[in-house]
Peer 1: 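Got a structure here, written out as C-alpha cells. Questions coming.
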Amino acid sequence: EVQLVESGGGLVQAGESLRLSCAASGFTFDDYSIGWVRQAPGKEREGVSCISTRDGSFYTYDSVKGRFTISSDNAKNTVYLQMNSLKPEDTAVYYCAADPFGCPGPDEYEFWGQGTQVTVSS
C-alpha cells in the first residue's frame, strides 16, 4: 500500500521557518518524482516544488522560489521542504504527492498524502 505521510506543519509568525517532511512507503522510492502542492481555503491547488528522487533534479514554482527548498534523502525514503521567510500568503494545507512519470501539474499526481496545515500569522 502506497503511503505518503507529511509532518512538520504548524503555526508560525511571518519571517520564520518551517521544515516539512514526507515519509514514503509502499513503492520504489527512486522510481517516482515527489512534489509539494498546497491549497489555501477557497483557492485552487498550487504547485510548490517537485523533485526527481532518481537524479535530484527539481523544479520550484515562482511564488516560493528563493524561499523554499526541496530535497530528498533516499536512504530514508523522505522528501523535505525547507520553508524560509514565510509569509501570511503561504498559509495553506501542504500536500506531499508522488508520480511515476516525472513532475506533473499540481492536480495530476497519482498518489497523495493527507496534508499538513501551515499557518503564518502577520
Side-chain angles (χ1 to χ4, degrees):
E1 178 188 4
V2 172
Q3 284 195 319
L4 298 167
V5 180
E6 303 97 333
S7 61
L11 171 64
V12 296
Q13 293 187 335
E16 294 184 339
S17 299
L18 279 174
R19 188 177 79 158
L20 304 184
S21 299
C22 172
S25 62
F27 60 94
T28 303
F29 190 74
D30 293 359
D31 286 346
Y32 281 70
S33 292
I34 296 181
W36 290 95
V37 176
R38 67 186 182 184
Q39 188 167 24
K43 295 188 177 181
E44 296 184 351
R45 286 177 180 167
E46 177 187 17
V48 176
S49 191
C50 179
I51 189 167
S52 165
T53 56
R54 177 169 295 174
D55 62 16
S57 61
F58 63 91
Y59 179 82
T60 302
Y61 285 72
D62 287 346
S63 58
V64 302
K65 194 172 290 183
R67 300 188 297 122
F68 291 12
T69 303
I70 194 169
S71 62
S72 69
D73 185 337
N74 288 25
K76 297 182 178 179
N77 283 9
T78 300
V79 169
Y80 303 98
L81 184 70
Q82 178 67 43
M83 305 187 296
N84 298 330
S85 302
L86 282 160
K87 304 176 181 180
E89 51 263 43
D90 294 319
T91 295
V93 177
Y94 283 71
Y95 297 92
C96 171
D99 197 272
F101 300 115
C103 293
D107 293 321
E108 298 170 358
Y109 287 86
E110 181 171 356
F111 300 113
W112 292 83
Q114 82 286 353
T116 186
Q117 177 70 46
V118 172
T119 303
V120 185
S121 64
S122 58

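In this chain, residues are counted from 1 in sequence order.
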Peer 1: Just verifying a value: how many Å separate Glu108 CD and Cys103 SG, rounded to the nearest 0.5 Å?
Peer 2: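 Between atom CD of Glu108 and atom SG of Cys103 there are 11.5 Å.
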Peer 1: Are Val48 and Val37 connected into the same hydrophobic cluster when the rule is that any two of I, L, V, M, F, W, Y join if their side-chain heavy atoms are below 4.5 Å apart?
Peer 2: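 Different clusters.
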Peer 1: Who are the side-chain contact (heavy atoms from CB on, under 4.5 Å) partners of Ser25, not counting sequence neighbours?
Peer 2: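 Testing Ser25 for side-chain contact (heavy atoms from CB on, under 4.5 Å), a comparison that skips the adjacent residues, returns Gln3.
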Peer 1: Quick test of your reading of the model: are Asp90 and Lys87 salt-bridged, counting only N-O distances below 4.0 Å?
Peer 2: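 Looking at Lys87 together with Asp90, the answer is no, because their closest N to O distance does not fall below 4.0 Å.
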Peer 1: Search all heavy atoms of Glu46 against all heavy atoms of Ser63 and return the closest pair with its distance.
Peer 2: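 For Glu46 versus Ser63, the nearest heavy atoms are OE2-OG, 3.0 Å.
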Peer 1: Quick check for you: to the nearest 0.5 Å, what is the distance between Cys50 atom SG and Ile34 atom CD1?
Peer 2: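 Output value for this atom pair is 8.5 Å.
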Peer 1: Determine whether Ser17 and Asn84 satisfy the following criterion, side chain to side chain donor-acceptor pair (under 3.5 Å), listing intermediate values before the conclusion.
Peer 2: CA-CA 4 Å; Ser17 299; Asn84 298 330; 2.9 Å; yes
Peer 1: Less than 4.5 Å apart, side chain to side chain, heavy atoms only: is that true for Leu20 and Tyr95?
Peer 2: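 In short, these two side chains do not touch, never coming nearer than 4.5 Å.
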Peer 1: So, do Glu6 and Gln114 sit near enough that their side-chain heavy atoms are less than 4.5 Å apart?
Peer 2: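 Result yes, sub-4.5 Å side-chain heavy-atom pair found.
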Peer 1: List the atom of Ser72, the atom of Val79, and the distance in Å for their closest heavy-atom pair.
Peer 2: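 Taking Ser72 first and Val79 second, the nearest heavy atoms are CB-CG2, 3.9 Å.
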Peer 1: So, taking the atom named CG in Asp99 and the one named OG in Ser52, what distance separates them when rounded to the nearest 0.5 Å?
Peer 2: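 Answer rounded to 0.5 Å: 11.5 Å.
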Peer 1: Any donor-acceptor pair under 3.5 Å linking the side chain of Asp30 with the backbone of Arg54?
Peer 2: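 Judged by distance alone, no pair lies under 3.5 Å.
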Peer 1: Output yes when a side-chain donor or acceptor of Asn74 lies under 3.5 Å from a complementary backbone atom of Thr53, and no otherwise.
Peer 2: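 Checked: pair present.
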Peer 1: Say whether Val12 and Met83 are linked into one hydrophobic cluster, either directly or through other cluster members, by side-chain heavy-atom distances under 4.5 angstrom.
Peer 2: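 Linked within one cluster.
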Peer 1: If we only count heavy atoms from C-beta on, is the Gln117 to Thr91 side-chain gap below 4.5 Å?
Peer 2: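 Yes, at least one pair of side-chain atoms sits under 4.5 Å.
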Peer 1: Per the ring pair (Phe, Tyr, Trp, His ring centres under 6.0 Å) rule, what does the pair list look like for residues 38-62, sequence neighbours excluded?
Peer 2: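 Every ring pair (Phe, Tyr, Trp, His ring centres under 6.0 Å) pair that includes a residue of residues 38-62, provided the two are not neighbours, is Tyr59-Tyr61.
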Peer 1: Can you find a heavy atom in the side chain of Gln82 that is under 4.5 Å from one in the side chain of Ser71?
Peer 2: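 With C-beta onward as the side chain, the pair stays apart.
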Peer 1: Please find the pair of heavy atoms, one from Gly9 and one from Val118, that lie closest to each other, and give the distance.
Peer 2: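 Closest approach of Gly9 to Val118: CA-CG2, 4.1 Å.
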Peer 1: Looking at Pro88 and Ser122, what are the two nearest heavy atoms and their distance?
Peer 2: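 Minimum heavy-atom contact is CG-CB, 3.8 Å.
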Peer 1: What orientation do Phe111 and Phe27 show, parallel under 30°, tilted 30 to 60°, or perpendicular over 60°?
Peer 2: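 It falls in the parallel class, under 30°.
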Peer 1: Between Thr60 (side chain only) and Lys65 (backbone N and O only), is there a donor and an acceptor less than 3.5 Å apart?
Peer 2: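 Not a single qualifying donor-acceptor pair exists.
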Peer 1: Considering non-hydrogen atoms only, spot the tightest contact between Leu4 and Cys96 and give its length.
Peer 2: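 Heavy-atom minimum between the residues: CD1-O, 3.8 Å.
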Peer 1: Sequence neighbours excluded, which residues qualify as ring pair (Phe, Tyr, Trp, His ring centres under 6.0 Å) partners of Phe29?
Peer 2: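 Phe29 satisfies ring pair (Phe, Tyr, Trp, His ring centres under 6.0 Å) with no other residue.
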Peer 1: With respect to Cys22, which candidate in Tyr94, Trp36, Tyr80 satisfies the side chain to side chain contact (heavy atoms under 4.5 Å, CB included) definition?
Peer 2: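 With Cys22 as partner, Tyr94, Trp36, Tyr80 yield a single side chain to side chain contact (heavy atoms under 4.5 Å, CB included), made by Trp36.
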Peer 1: Do Tyr109 and Val64 belong to the same hydrophobic cluster, where Ile, Leu, Val, Met, Phe, Trp and Tyr are linked whenever their side-chain heavy atoms lie under 4.5 Å apart, directly or via other members?
Peer 2: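 No, Tyr109 and Val64 fall in different hydrophobic clusters.
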Peer 1: Does NZ in Lys76 sit with more than 12 non-hydrogen atoms of other residues, nucleotides or ligands closer than 6.0 Å?
Peer 2: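 No, the 6.0 Å shell around NZ holds no more than 12 heavy atoms from other groups.
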Peer 1: Could you walk me through whether Trp112 and Val2 pass side chain to side chain contact (heavy atoms under 4.5 Å, CB included), step by step?
Peer 2: CA-CA 9 Å; Trp112 292 83; Val2 172; over 6 Å; no
Peer 1: Less than 4.5 Å apart, any side-chain heavy atom of Arg38 and any of Leu81?
Peer 2: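 No - every pair of side-chain heavy atoms lies 4.5 Å or more apart.
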